[in-house]
Amino acid sequence: MIQLNINGKPCQVDVAPDTPLLWVLRDTLHLTGTKYACGVALCGACTVHVDGVPTRACVIPVSSVAGRQVITIEAVDQQRIGQAVQDAWRKLDVVQCGYCQSGQIMSAVALLAANRQPTDADIDETMAGNLCRCATYQRIRAAIHEAARALA
Amino acid sequence: MTGIGIANLSRRRFLRGSAGLTLGFVLPAAGAAAVRAGGGPPAAATFAPNAFLRIGTDNTVTVLSKHLEMGQGTYTGLATLLAEELDADWQTVRVEGAPADARRYNNLFWGDAQGTGGSTAMANSWEQMRKAGATGRAMLVSAAAREWQVAAAEIVVRESVVSHPPSRRRATFGQLARAAAAEQVPARVFLKDPSNFRLIGKRANRLDSVDKTSGKAQFTQDVFLPGMLVAVVAHPPRFGATVKSFDVARARAVKGVVDVVQIPQGVAVLAIDTWSAKKGRDLLTVVWDESNACKLGSAEILARYRELARTPGQVARRTGDAEAAFARAARVVRASYDVPYLAHAAMEPMNCVIRLSADGCEVWNGEQMQTGDQHALARFFGLRPEQVRIHTLYAGGSFGRRASKDSDYVLEAAAIVRAIDGRAPVKLVWLREDDMRAGYYRPLFHHSLAAAIDADGQLTGWRHRLVGQSILIGSPFEKAMVRNGIDAVSVEGAANLPYAVPNLTVDLHTPTDIGVPVLWWRSVGSSHTALSSEAFLDQVAAAVGKDPVALRLELLAGHPRHAGVLKLAAEKAGWGTPLQPGMAGERRGRGVAVHESFHSYVAEVAEVTVARDGGVRVDRIVAAVDCGIAINPDNIRAQVEGGVGFALSAVLHGEVTLKEGQVEQDNFGNYPLLRINEMPLVEVYIVPSAAPPTGIGEPGVPPLAPAVVNAILAATGKALTRLPLRTAELAA
Ligand code: FES
Ligand code: FES
């Protein structure tokens, strides 16, 4: 049994300790907002926050997050920054297929938590780890600026 | 309301519905709600005047989409059409994927097949969805007129409220839903004059935004059914190889693994979760029979194509006498272009859930070809097509991949279900590596072009020879779309070259012995024909000393829509004005291309910076679009922005290569995709139009590659002839 804290709630899971957090979230806990797309930390679709740090859930063994605070897309609206980012995403209609967008939002929230006034260069640097095959990048940039304005 | 009367010819299709028409479904294990766009719980279908519309007593307007939402905005677009004529309050509109039913939900451009592709969703639904909305509106109005004992003509409908101003009576759609359900379905409905549109042509925000920003949107990957097993498959290392023998001992020992079965596609490991299935799959030992496998390398394939291009192919178009024009020419310009195999690489790898039951089978899929897959599964399981129930979920991208011409991954899931005698529902999960190596690529193509120029510098002859595999030959579409051996989608964009060249020949070689599965990839033939024809035209312009825009306009006399977008893009991009110089050692340039695909016209101007080391940065793309009436201008902009990024990914990085038949790429490390730091600023301008709407999911793609290649030519004097670009070729 591994003790976890997901979205502010404690829970226990009975899985092999080397199972990546991603598959525990998805297949064990049915928190399906966190997505699989590469499995090797190359795309960011699986991004969650572990103690506030954006983390690729596809490569981090579940045993290593025992006792730490994990936040997924499902609870990102419980923080002010998360709400502002979601609102900006909706206002500008960033999404297309949507499959990458949980990860994009988790990365954007972490960016804004660390840097309230990111420049385009800051955004490009931080968000370059999140692939979007629909190439919604221009709107992602604009929505991060929009959220930054709303939070100012 | 002024309007155009349209006889409701398809009255039989407008069956008075019941809730049973429309399968809102609940996934019991996950407790997830019906697939929907607008949020909120599914409403009772009190009023269902036709197959596309339900109105609940809670005022919710539910639109059933016969087309797949894979990012292109179809759910929002179809709902816009219906809500416009219904005069619904946009905030109350939700969308659900329609069930597979070719009788009610066929693509009107595809005869009796339901499916999404070829940028046809809006175009084929333009009248159908508006009529569906107008029918609902008419029945709500007659219900109100009957209840209030007033003349229907005096009734006004606005934002889901029906009112009778003289008597100040009003009722919401929800309040009238029950009464409306008892009304006669009208034989004729009136559609609005475009001047009265309130949603069409305006900004209607995406109906899937909320679910897709909160992790609630349901993709196939997210389906969990009671007792469901996850299958991960060991696929052959080469196309055409089969299983000779396999050893399951180590795989079976993995905790969570339930079964290992052989299927025609390989060996499937079934487990209670994805990770266990993957672990088991990775521990399988499989010996493959490769006696019939494809062992070609992509370099060899290309060499063969170059050889073939020396001889004439089958003629796809002949105008005038190109031979004579070349014989008389003062000068001949020649170039060839090579484009590689490309993977679709949708962010959601292919997957499919199938459950067998006593009376049929149920499928959950980001379903792009409902009718094709329904029939394929019916044949496979020995069922009638209507016994195959398909739930169409959101697709995490497709770009053509989910429109499988032979139901490949769906039949793989079916084979696994059958191998375990249907005793559990199965979710087939392709990992990224499976998806990348599975083939069904955009075909590798070689193009060879020549232009004849006479003594006056006029373009008098054009010869375009293409060599590449056919997508359609051997598929169910062969009959309809292959004529005299010419696959229409191999030469689209080349055989219909719009330029006024008096003598022109386009011919094609279609090798059939290559063995690499190929498929449509966003914009299909135009993904390579626009490059070859538009990049070559700039070489011709350079040879005759003409400005690329001026030369195109000269040759586009009979094509006002091409000329219209070209002029608009050139003007907005400041064509002809000097570019800001780059930093020391940087070379900058502008390039243009114009292309029609799927009856939409797009011109793009690219501004690029080429560094000393040959690195290319695309700074800005100015696009002008004519896709008829702009149903949702913001979505048109979004699709062109996305199309530019998708196409640029191929220009900078995209290439699948084979070595002795083995695909060399497997994940985003060796098949890189465009990242945010490489995304140019994209500006999109829309030509106002009263023409019926045409597609926009694909047409933004084709002009990008030639516009960039032409900009690089302007910046460096170097004419690129193969993609993806190699920076070494561009070093100063
Ligand atoms: S799935 Fe984790 S980074 Fe791609
Ligand atoms: S929205 Fe489709 S991958 Fe990003």
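Numbers restart at 1 for each chain; the letters A, B, ... are given by sequence-line order, proteins then strands. FYI, side chains are in, hydrogens and waters are out, and symmetry mates aren't considered; it's all heavy atoms of this structure.
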Q | Check against side chain to side chain contact (heavy atoms under 4.5 Å, CB included), B/L431 and A/Y36 | A | CA-CA 9 Å; B/L431 300 171; A/Y36 164 80; 3.3 Å; yes
Q) What's the spacing between A/K35 NZ and B/Q221 CD if we round to 0.5 Å? A) 8.0 Å
Which of [options] touches chain A most, by non-hydrogen pairs under 4.5 Å:
| options | result |
| --- | --- |
| B/G397, B/A345, B/G643 | B/A345 |
| B/R203, B/Q72, B/R522 | B/R203 |
| B/T274, B/I272, B/T76, B/D273 | B/T274 |
| B/K278, B/M70, B/E348, B/K279 | B/E348 |

In terms of heavy-atom proximity below 4.5 Å to chain A, should [X] be classed as side chain, backbone, both, or neither?
| X | result |
| --- | --- |
| B/P680 | backbone |
| B/A638 | both |
| B/D634 | both |
| B/M347 | both |

Q. Do you know the tightest heavy-atom contact between B/I676 and A/R141?
A. O-NH2, 2.8 Å
Q: Can you check whether anything in residues 114-138 of chain A gets within less than 4.5 Å of chain B, heavy-atom wise, and list it by number?
A: A/I123, A/D124, A/M127, A/A128, A/G129, A/N130, A/L131, A/R133, A/C134, A/A135, A/Y137, A/Q138
Q) Mind checking which of residues 72-103 of chain A sit less than 4.5 Å from chain B, heavy atom to heavy atom? A) A/I73, A/E74, A/Q86, A/W89, A/R90, A/K91, A/L92, A/D93, A/V95, A/Q96, A/C97, A/G98, A/Y99, A/C100, A/Q101, A/S102
Q.
According to salt bridge (charged side-chain N to carboxylate O under 4.0 Å, His left out), who are the partners of B/K427, at least two apart in sequence or on a separate chain?
A. none
(Q) Quick check: under 4.5 Å, non-hydrogen atoms only, which of residues 644-652 of chain B neighbour chain A? (A) B/G645, B/F646, B/S649
(Q) Apply side chain to side chain contact (heavy atoms under 4.5 Å, CB included) to residues A/D27 and B/F224 and explain how you reach the verdict. (A) CA-CA 8 Å; A/D27 287 3; B/F224 292 91; 3.5 Å; yes
Q | Max heavy-atom pair count under 4.5 Å with chain B, selected residue of A/C38, A/A16, A/G33 | A | A/C38
Q: Apply side chain to side chain contact (heavy atoms under 4.5 Å, CB included) to the pair B/F219 and A/T32, showing each step before the final yes or no.
A: CA-CA 9 Å; B/F219 298 86; A/T32 55; over 6 Å; no
Q: Take B/M679 and A/I140, measure what side chain to side chain contact (heavy atoms under 4.5 Å, CB included) needs, and give me the verdict at the end.
A: CA-CA 11 Å; B/M679 181 74 188; A/I140 288 173; over 6 Å; no
